[in-house]
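Owing to the predicted nature of the structure, the values given are computational and were not obtained by experimental measurement. For the numbers below, each heavy atom of this structure counts, side chains included, while hydrogens, waters and symmetry mates do not.
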Amino acid sequence: MYLRDEYPKVNRLLQEALDRVARAGYIDRICPVYLRRGAGAYICGEESAMLESIEGKRGLPRHKPPFAAEVGLFGQPTLTNNVETLYWVRDIIQHGPQWFAGKGRNGRSGLRLFSVSGRVKEPGVKHAPAGITVRELIDEYCGGMAEGHSFKAYLPGGASGGILPASKSDIPLDFGSLDEYGCFIGSAAIVILSDQDDIKAAARNLMRFFKAESCGQCTPCRNGTEKAVKLLERDRWDQELLADLSQVMRDASICGLGQAAPNPIDCVFKYFPEDLET
């Protein structure tokens, strides 16, 4: 189990749970479980960079192929799962696959954990049906928008997932459902923005984040994020130049960080043209 080091409370809870499981006899030398703390790099959310970190090396994405399923941790075939996938295994075994599949909405199946932050009355991790729309999530699970704020936009999948306007709040939130809009749900870290938020400033802040978190291994991501930040700090954005830079980063970056970093910029041009005039 791999955990970013920014979460000391979670680390303590996991260790206590593993200790209980070990005392119950479910963990032994035949089936050991190790809790590995990362050093806090966002890039280690990428599978191969995480494997490098677990091996005690700097978290840099590997060139592919070979893929982890062939040559993974310590050179062995490796299956990598998000912890949420494993979270549902017990309930599916206990209640049956039909129970789980019947929990979805809008033609989708299953349950998900949505981490909702931003301009809502009750932010937090929400246990909700897969395929729920962001509007339903806000109204039914977050107590509505924060006082004095009107829903303007949302990030459906954290920093990398792009930015969508409130007019597209009826899209089912699930894997693949946002592809045609140039966005994705990813880890379902949803950020709600209001009429009091500056969309350009939000995109600029996201690109600064990518610049800081780029591992620096490949030129398109290392130099691309830095160049993008400089271009976004200008009063007027050069759409043609930024579009060209975005394409280079998508086509040539080693991993998903560089490939997805331009998503917020592309979404501003596509969905918020009126904000570019301010």
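Ion pair Lys126/Glu140 not flagged as a salt bridge, since none of the NZ, NE, NH1 or NH2 atoms sits closer than 4.0 Å to an Asp/Glu carboxylate oxygen. Salt bridge absent: Asp195 and Lys152 never bring a charged side-chain N and a carboxylate O closer than 4.0 Å. With salt bridges taken as basic N to acidic carboxylate O contacts below 4.0 Å, one links Asp266 and Arg250. A salt bridge links Arg108 with Asp174: the closest approach of a Lys/Arg side-chain nitrogen to an acidic carboxylate oxygen falls below 4.0 angstrom. Using a cutoff of 4.0 Å between basic side-chain nitrogens and carboxylate oxygens, Arg222 and Glu213 are not scored as salt-bridged. Under 4.0 Å is where a charged nitrogen must lie from a carboxylate oxygen, and between Arg62 and Glu52 at least one such pair does.
The hydrophobic clustering, which links ILVMFWY residues whose side-chain heavy atoms are closer than 4.5 Å, places Tyr42 and Leu206 together.
Legend: residues meeting salt bridge (charged side-chain N to carboxylate O under 4.0 Å, His left out) with Glu233, ordered by chain and number and at least two apart, are Arg208.
For the residue pair Asp170 / Thr133, no side-chain donor-acceptor distance below 3.5 Å is found, with atom types taken as modelled. Side-chain contact, Glu46 with Ser48: a donor N or O sits under 3.5 Å from an acceptor N or O.
Side-chain atoms of Asp197 and Arg119, non-hydrogen and from C-beta on, do get closer than 4.5 Å to each other. By the 4.5 Å heavy-atom criterion applied to side chains, Pro61 and Ile43 are counted as neighbours. Side chains of Met1 and Leu86 form no contact here, defined as non-hydrogen atoms less than 4.5 Å apart.
Residue pairs meeting the ring pair (Phe, Tyr, Trp, His ring centres under 6.0 Å) criterion with at least one member in residues 56-92, sequence neighbours excluded, are Trp88-Phe100, Trp88-His127.
By the 6.0 Å contact criterion, NZ on Lys227 is open, its count of non-hydrogen atoms from other residues, nucleotides or ligands being 12 or less.
For the atom pair Phe184 CZ and Phe175 CZ, the distance stands at 11.0 Å (nearest 0.5 Å). How far CD1 of Ile163 is from NZ of Lys270: 13.5 Å, rounded to the nearest 0.5 Å.
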